[in-house]
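Treat the numbers as computed from the prediction; the structure is a model and nothing was measured. Counting starts at 1 for both ligands and their atoms, following the listed order.
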Amino acid sequence: MTVSSHSPVVSERADAEALDRADPLASHRDRFHVPEGLIYLDGNSLGVLAHSVRERVRAVTEREWGEGLIGSWNTAGWIDLPMTVGAKIARLIGSPGDSVVATDSTSVNLFKVLAAALAMRPDRRVIVSERANFPTDLYMAEGLAALLGKGHELRLVDGPDEVEAALGDDVAVLMLTHVNYRTGRIHDMARLTALAHRHGALTIWDLAHSAGAVPVDLAASRADFAIGCGYKYLNGGPGAPAFLFVAPSLQDAAVQPLSGWFGHASPFAFDPGYAPAPGIARFLTGTPPVISLSALDAALDLFADTDMAAIREKSVSLCELFLSRVETLCGDLGVSLASPRDAAMRGSQVSFRHDDAYAVMQALIARGVVGDFRAPDILRFGFTPLYTRHVDAFDAAGHLFEVLRTQEWREPRFNVRRAVT
Ligand SMILES: *Cc1c(COP(=O)(O)O)cnc(C)c1O
């Protein structure tokens, strides 16, 4: 995919409207509840509510729970949700249906797969990751290393060019996030996985900013383990269950330490001893959160009549329009591009640096343009192709220009920090 085919110079709003009229995904927007007047560019933090998700949650609570009660575990498919939802996610990340489960949080899933991977490389003590990785990934690795008490160490690199030098016969696991949360930079999953394998290490890929946003092919990349988020581009709702992938060839050798009854070979035999289930089910732990899994299940159905190639094409088109429009309007107003310029190297977001990024974002939010701030100086704009239009990208750039040109962000109310940025 070349950048030039997606970078029409859009200088008039009518050009953005024309792109929307020609957009094969345009009708998907009507399936979501996008609040009136809002330009929502934060679907990479919390996806938008779909009408079908609201209906599903109502049906699960009123009928399945309210009327069906305990019987719904069998009659409403509750017990199978981690697997059925996992299979819908598998389609989006290039993996076989029975290699993914939807369960727990991304942090907890990382703990499970990292522990399983380290146990498969008992003579090695190093986990290689990136300093710019999302902090929870590094924190979980630190906590697990301390718990194991065997001297495991986290070796952090600054970018993909340093990975090769960090790999050696002491490295058990290469643990990376595919799309960086701040800059949107994409790692070459196949190349880095092959590199790790050449040194005898296993790989864990965090797909939090990839699943539902950029094409991923776990099978072709020969990835060993992966994890990711349900509430970002998958639109599963606040705190939606996360997912976890284990390559089929490793499933029966991988053992995870949170050995709860839902990962047991026969949970309802109530054996006093633990015996892991065959296959991916051994990565489950406790009772599935049925209401939130049902919401995620319904949200995933919105991907059923499209594919990641179409989503990617629109994502690139939106991001290119926004990027070029912001640079044209705001080039000398203190913003600089923090994301890769090459669309092929960038996920479904565009980030800019600004010395007062926090206040600038607060001023934008007050204007109804919702992106987010990531410390220390990043303005982050996520583009979710299923419900974002080219006119949204066009108008958002115009608002950013106004906020910077008038220095509106200097108002005291935009300089008060809140807990969630
Ligand atoms: C959002 C995100 C997480 C979130 O983890 P939770 O356990 O859901 O809080 C983890 N890793 C990455 C890379 C993320 O972007």
Item checked: Contacts of Thr306 that satisfy side chain to side chain donor-acceptor pair (under 3.5 Å) - sequence neighbours left out -> none

Notebook entry, point to check: With hydrogens left out, which residues have an atom under 4.0 Å from ligand 1, given that only heavy atoms count?
Noted result: Ser105, Thr106, Ser107, Phe134, Thr136, Asp137, Thr177, Asp206, Ala208, His209, Cys229, Tyr231, Lys232

Next item on the list: Verify salt bridge (charged side-chain N to carboxylate O under 4.0 Å, His left out) between Asp23 and Arg389, making sure each step is shown before the conclusion.
Entry: CA-CA 9 Å; Asp23 169 19; Arg389 301 166 302 188; over 6 Å; no

Notebook entry, point to check: Out of Asp377, Ile378, Val326, which residue meets the side-chain contact (heavy atoms from CB on, under 4.5 Å) rule with Phe352?
Noted result: Val326

Note to self: Parallel, tilted or perpendicular: which one describes the rings of Trp73 and Trp78, with boundaries at 30° and 60°?
What the structure shows: perpendicular

Next item on the list: Describe, in one word, how the ring planes of Phe134 and Tyr181 are oriented to each other, choosing from parallel (under 30°), tilted (30 to 60°) and perpendicular (over 60°).
Entry: perpendicular

Notebook entry, point to check: Closest approach of Thr193 and Arg222, non-hydrogen atoms and distance?
Noted result: CG2-O, 3.3 Å

